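See structure below.
Side chains included, hydrogens not; waters and symmetry mates left out as well; all remaining heavy atoms used. Quick caveat: nothing in here was measured; it's all calculated off a predicted structure.
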Number of protein chains: 2
Amino acid sequence: MAETTKAQLIAAAAALLDSGGQAGVTLRAVAERVGVSHNAPYRHFDDRSALLGAVAEEDFRRLQQLFEDAGGETESGAALRQACAAVIGYARRHPARYRLLFSDPGLPPDPGLREAAFACFLTLSRLVARCQTDGVLPEADTVGLSGLVYAAVHGAIDLELGGRASGAKGLGDIDATVALLFDLLRG
Amino acid sequence: MAETTKAQLIAAAAALLDSGGQAGVTLRAVAERVGVSHNAPYRHFDDRSALLGAVAEEDFRRLQQLFEDAGGETESGAALRQACAAVIGYARRHPARYRLLFSDPGLPPDPGLREAAFACFLTLSRLVARCQTDGVLPEADTVGLSGLVYAAVHGAIDLELGGRASGAKGLGDIDATVALLFDLLRG
DNA sequence: GGAATGAGTTGACGCTGTCAACCCCGGCCG
DNA sequence: CGGCCGGGGTTGACAGCGTCAACTCATTCC
């Protein structure tokens, strides 16, 4: 089979997210882009937010893959830095989709989505653990430390994406913020 | 004069944000709550997003006030911690409004809004500077360090609010994350 | 062969943001 | 004093949206 309609709908929604943001993703536009009637999506998703949830789940897996790829680096510090760079690049290339993942209040509490998000975090957490055994990051509860890294990187991304902070040099510059974080954590 | 219609509209929008989230803020509901016709808001705001922008600007000033109040603490470390606790509490009490401030892509690029956001950051930055001179935080570019603190706290809040991360203990717990941050930064 | 099922369609509904036109009252100028 | 005029408010309309209901059609399975 050529690609199921469901998969096409998800891809179309992702594309519209990239080109027109959240507001650009109307069920009718998604349907038209796939070449079906305005009501066809309801055969595959409960409602609009379920479709967005499916996009998010797919993107969480994509993100996890990026983290796993970064794990290929031989030096653990480099691996973690590369993972961070990967999310940052992803967020810059697909801001609306990134925001959908972490900052969207409307997504359904789907267990699949939750699991994908958790797996994503876990992968990053493993990189952090490697850094700890290599002495690149301090000894501390690994989950907590990973949460801190996750939060800092996400926060920096979100602030830059929002653009509400720009105006001061050094603020809203993700790369500088993340670099400083690793610098200070090393002690 | 009793409170201008404009101020009432802003207050009504904020209340609706609290009770029904972003989606609950419809121009018509706001108007009805104030007791005017569904088109009256257009006499005071260009469009829906301009109204939300006004809510955001007001909330940024409120947040700044919280930071300034926290500055009253005698010990600089306690002051910064109190400031963080204040934002966290605010975010928990008004999640939709907090998200509007930092994670909403739809707000207008209004100079007043931008200035309010910047002033807010600046106030926090002063607390960080005090911590540095007191040796509670490491020597480093103050703006950069403030940006890191800002990003970490905001990131932790956003992750908890999103709830996408829950499931792992220690992840998504803002207070623990922030405590760990200050702990590690001290060295 | 007939029932059932899943994907897709058309048509309608109510709600939303927004535009246009009208109204009405207070202050200002001649 | 009369006229005007502008800001705040109103009603009415419009298109676009998510969603529901009913219908069609092909496939599959007893």
Side-chain angles (χ1 to χ4, degrees), chain A residues 1-57 96-97 99-100 104-110 112-113, chain B residues 1-57 96-97 99-100 104-110 112-113:
Chain A
M1 57 181 168
E3 212 178 356
T4 79
T5 303
K6 181 167 182 171
Q8 284 183 283
L9 288 170
I10 295 177
L16 284 174
L17 228 21
D18 281 336
S19 67
Q22 261 271 19
V25 185
T26 106
L27 281 186
R28 294 166 123 101
V30 170
E32 188 185 7
R33 193 173 237 267
V34 172
V36 291
S37 83
H38 73 273
N39 251 341
Y42 283 91
R43 292 294 126 197
H44 304 279
F45 302 98
D46 279 351
D47 55 20
R48 188 187 113 109
S49 74
L51 169 58
L52 288 176
V55 174
E57 184 172 337
R97 276 159 73 182
R99 279 242 152 94
L100 179 68
D104 195 302
L107 254 39
D110 184 86
L113 174 58
Chain B
M1 60 183 167
E3 211 177 358
T4 80
T5 304
K6 182 167 181 173
Q8 282 184 285
L9 287 170
I10 295 177
L16 284 174
L17 229 19
D18 281 338
S19 67
Q22 260 273 18
V25 185
T26 119
L27 244 12
R28 294 165 122 102
V30 170
E32 187 183 8
R33 193 174 238 266
V34 173
V36 292
S37 82
H38 73 273
N39 251 341
Y42 283 92
R43 293 293 127 196
H44 304 277
F45 302 98
D46 280 351
D47 56 20
R48 189 186 111 108
S49 74
L51 169 58
L52 290 177
V55 175
E57 185 172 336
R97 277 158 72 182
R99 279 240 151 95
L100 179 67
D104 195 302
L107 289 194
D110 185 85
L113 173 58

Distance from A:Leu52 atom CG to A:Arg97 atom CZ, nearest 0.5 Å? 12.0 Å
How many angstroms lie between atom CG of A:Leu100 and atom CD of A:Glu57, to the nearest 0.5 angstrom? 12.0 Å
Scan side-chain atoms only and decide if A:Ser37 and A:Asn39 contain a donor-acceptor pair under the 3.5 Å cut-off. no
Residues of residues 8-22 of chain A with a heavy atom under 4.0 Å from any atom of DNA chain D, listed by number, are none
Of all heavy-atom pairs between [X] and [Y], which one has the smallest distance, and what is that distance?
X	Y	value
B:Val34	B:Ala12	CG2-CB, 3.8 Å
A:Pro108	A:Ser49	CD-O, 3.4 Å
A:Ala13	A:Val30	CA-CG2, 4.0 Å

Can you find a heavy atom in the side chain of B:Gln22 that is under 4.5 Å from one in the side chain of A:Pro105? no
Counting only N and O atoms by type, is there a donor-acceptor contact under 3.5 Å from the side chain of A:Arg48 to the main-chain atoms of A:Val25? yes
Please state whether the phosphate of C:dG8, meaning OP1 or OP2, lies under 4.0 angstrom from any side-chain nitrogen or oxygen of A:Thr5. yes
For nucleotides 23-27 of chain C, print each protein N/O atom paired with a nucleotide N/O atom at under 3.5 Å, atom names and distance only.
none

Nearest-angstrom distance from the residue atom CZ of A:Arg43 to C1' of C:dT9: 10 Å
Atom pair distance, as rounded to whole Å: CD in B:Glu32 and P in D:dT10: 12 Å
Do you know which of B:Thr5, B:Leu51, B:Ile10, B:Thr4 makes side-chain contact (heavy atoms from CB on, under 4.5 Å) with B:His44? B:Thr5
With a 6.0 Å cut-off (strictly less than), is the heavy-atom count around CG of A:Asp47, excluding the residue itself, greater than 12? yes
Identify the pairs formed between an N or O of the protein and an N or O of nucleotides 13-20 of chain D at a distance under 3.5 Å, and give each distance.
from   : atom 1 : to      : atom 2 : distance (Å)
D:dG18 : OP1    : A:Leu27 : N      : 3.1
D:dG18 : OP2    : A:Leu27 : N      : 2.9
D:dG18 : N7     : A:Arg28 : NH1    : 2.4
D:dG18 : O6     : A:Arg28 : NH1    : 3.2
D:dT19 : OP2    : A:Tyr42 : OH     : 2.8
D:dT19 : OP2    : A:Arg48 : N      : 3.0
D:dT19 : O5'    : A:Tyr42 : OH     : 3.0
D:dT19 : O4     : A:His38 : NE2    : 3.4
D:dC20 : N4     : A:Asn39 : OD1    : 3.1
D:dC20 : N4     : A:Asn39 : ND2    : 2.1

